[in-house]
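Each chain gets a letter, A, B and so on, in the order its sequence line appears, and its residues count up from 1.
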Amino acid sequence: MVSTMDMHLPATSAEQAVAPPLMQARGVNVYYGQKQALRDVSLDIRRGEVLALIGPSGCGKSTFLRCLNRMNDIVEGARVEGDIRLEGQDIYAPEMDVVLLRARVGMVAQKPNPFPKSIYDNVAYGPRIHGLTSSRAELDALVERSLRDAALWDEVKDRLREPGTSLSGGQQQRLCIARAIAVSPDVLLMDEPCSAIDPIATERIEMLIEQLRQRYAIVIVTHNMQQAARISQRTAFFHLGELVELGPTHEIFTAARSEKARDYISGRFG
Amino acid sequence: MTDAAALTPPAARPAGVPLSPHLSPRIAARRRGRHRAEMRFRLYGLAALSLCALALIVLLASLVWSGLSAFWQTHLRLEVEISTRHVDPTRPQAGDYGGMLRAALEARFPEVTSRADRRRLHALLSSGAEEDLRRMVTADPSLIGTRQRLWLLAGTDVDMAVKTGLSRVAQQIKEGAGVRLSERQLEWLERLSREGDLALRWNSRFFTAGDSRDPERVGVLGGLVGSLLTLLVCLALALPVGVAAAVYLEEFAPRNRFTALIEVNIANLAAVPSIVFGLLGLAVFLNAFGMPRSAPLVGGAVLALLSLPIIIIAARAALRAVPPSVREAALSLGASRMQVVTHHVLPLAMPGILTGTILALANALGETAPLLMIGMVAFIVDIPRDILSPATVLPVQIYMWASGAERGFVEKTAAGIMVLLAFMLSMNAAAILMRRRVERRW
Ligand SMILES: Nc1ncnc2c1ncn2[C@@H]1O[C@H](COP(=O)(O)OP(=O)(O)OP(=O)(O)O)[C@@H](O)[C@H]1O
Ligand SMILES: [Mg+2]
């Protein structure tokens, strides 16, 4: 395990391996009403690393992501059991401030959900509510940087005042990415961020993920096996609400232990 | 596209390829049936719409027919000597303008001498003429000592006779029908008319005066201002409370038995007869809190109780129509629940909330029964100045005119309804404009 990390993170790998993980999930069970959607999931999320979640549709990938920033709180009838910690602090503890948690654990939802406001306001919203910038110029710069990082700037730089909802599906997806990274989270949760994006923009997004990885921890859900193999350091394979296999990406993709994972990755089921 | 053509198989179809099932006679007949059903459905809709339009046209036409004449009022032209005999130049306010006008009438008809005839002659003018003259001279005391040819407001009997037609009234008098003018009075009017001193003139008083016992002197302004003040109070109370309640129920309240009970009761409250709210207002606002009777403040409070459930229901529907993805997006960026509501949900729900509020207010504008309970039915001449002064509202004003004994009130009632409708239409137009402005911000 340490050796694989070495391959990807030459500089800080030694510390990383001994430092405690940024987020830690232990024995997570999630129920929607009577139905159990996640069973006893335990995994770590580390700084400087991209974790890919793969698995067939409905296996609980989005559900797990939503546990990490407590978005399941607002789902009627959803119940989360287990222990999830951010830098050692229990995020489900009563004294946890969800506003702070969600500012530090950002999320890009599976379906693009831009606000019905201007493109500029979409990106500026997070920095504004958290007071991240102190001047208009600073905010402008932050908006531009975020849009550039999300590979959207060139397409929208002349129409920042137009509604975000007037963009195409793929552009909206990138707008949501820009909006999330503008808040500078520590952990970025991305739920199929490239599902409606063309190969060129996808490449830009993947480059962005590679860059962001230096500063943040990234968890990405994807149905694209090549993408998972390209960008992630570790991969988690979910099936029917269970975490079936977790390990360094190249191991999972070349020599998965479970037959299900091997079949899924090679496209024989799913 | 005839069916024969549709049924002919295309010539280019290669052998062995089956005919499309949509071209078979059975399915074609079904399709024709579907088109006919759609046709019928459209016709029903069109018929319903025409029925509504017809009802509206009949209503408006009958209103205009009976109410239009109220906007013109009969006036007599007389030469009035504003002499120092009747008015002291230092105190024009206190002059004997009645005497001045009686003198002017007698000067015009010098042959009238008997006491009874002189009284009949004096009855041609309305007491409103005296009031107008007093106002004119008070505003411009330099008129004192001059002679003026003035158009003076005629009494309601004269007005009715002129609006019926003097010759027809003469006929009616001969037949012994109940006419409130005597033969002598009619002769005088005919003489004035021949000499061009009897005319229907624009009744601006109708828009500037309050109520009166005399139909020729009434105006809608008192009721209009009363309605406006009452609605403002109603809006100021009902909108914030209604929106706050709706936001709490929709965005914050846990779903449990207690909130379900509250929801059911709000729906029930919307169906409670309005007079019950009037009784409540009487018991609580007047008797328990000792608030003033007939005041727009109390009327507005009662109407607010009435509008609240409607506003809450409309606001909740508008809030529920905001897509949940917007809430999720804001929450996942770290917005607090209150920020989600004030930055995203409320602005998006605002057009719907405003529509519901306007509906509720239009409803409240037409309410009469609950306001009768709290004494807004009193005879009030003065235009209300604030929300504590005694006032009446337009529908109550119209109701009082409708029950007035004088024939002159009939046209005023219809004209009052026209003003009420115009008020409501302009209110709705303002609301639509406001809505547009809110909507344009997406
Ligand atoms: N709000 C909800 N209420 C009830 N059940 C839900 C809800 N959200 C998800 N589920 C159920 O939980 C299970 C896991 O759903 P989840 O959305 O996590 O799947 P997923 O792995 O993200 O699938 P996909 O790849 O299609 O996005 C599914 O069986 C789904 O039906
Ligand atoms: Mg999903």
Plane angle bin for A:Tyr125 and B:His343 - parallel if under 30°, tilted between 30 and 60°, otherwise perpendicular: perpendicular

Considering all heavy atoms, the nearest B:Ser325-A:Asn113 contact: O-ND2, 3.6 Å

Residues of residues 86-98 of chain A within contact distance of chain B, non-hydrogen under 4.5 Å: none

More than 12 heavy atoms from other groups under 6.0 Å of CZ on B:Phe258: no

Heavy-atom neighbours of A:Lys111 NZ exceed 12 at 6.0 Å: no

From A:Leu65 atom CG to B:Ser332 atom OG, the distance as rounded to the nearest 0.5 Å: 11.5 Å

Pairwise side-chain contact, B:Gln339 with A:Arg128, heavy-atom cut-off 4.5 Å (strictly under): no

Chain B contact via A:Met107 - side chain, backbone, both or neither, heavy atoms under 4.5 Å: both

Proximity breakdown for A:Val183 and chain B, heavy-atom pairs closer than 4.5 Å: side chain

Region of A:Arg104 that comes under 4.5 Å of a non-hydrogen atom in chain B: neither

Chain A interface, residue from B:Gly334, B:Ala335, B:Ala330 that has the most non-hydrogen pairs under 4.5 Å: B:Gly334

Spatial distance of atom CG (B:Leu348) from atom NZ (A:Lys117) [nearest 0.5 Å]: 7.5 Å

Shortest non-hydrogen separation from A:Ile74 to B:Glu328 and the atoms involved: CD1-CG, 3.7 Å

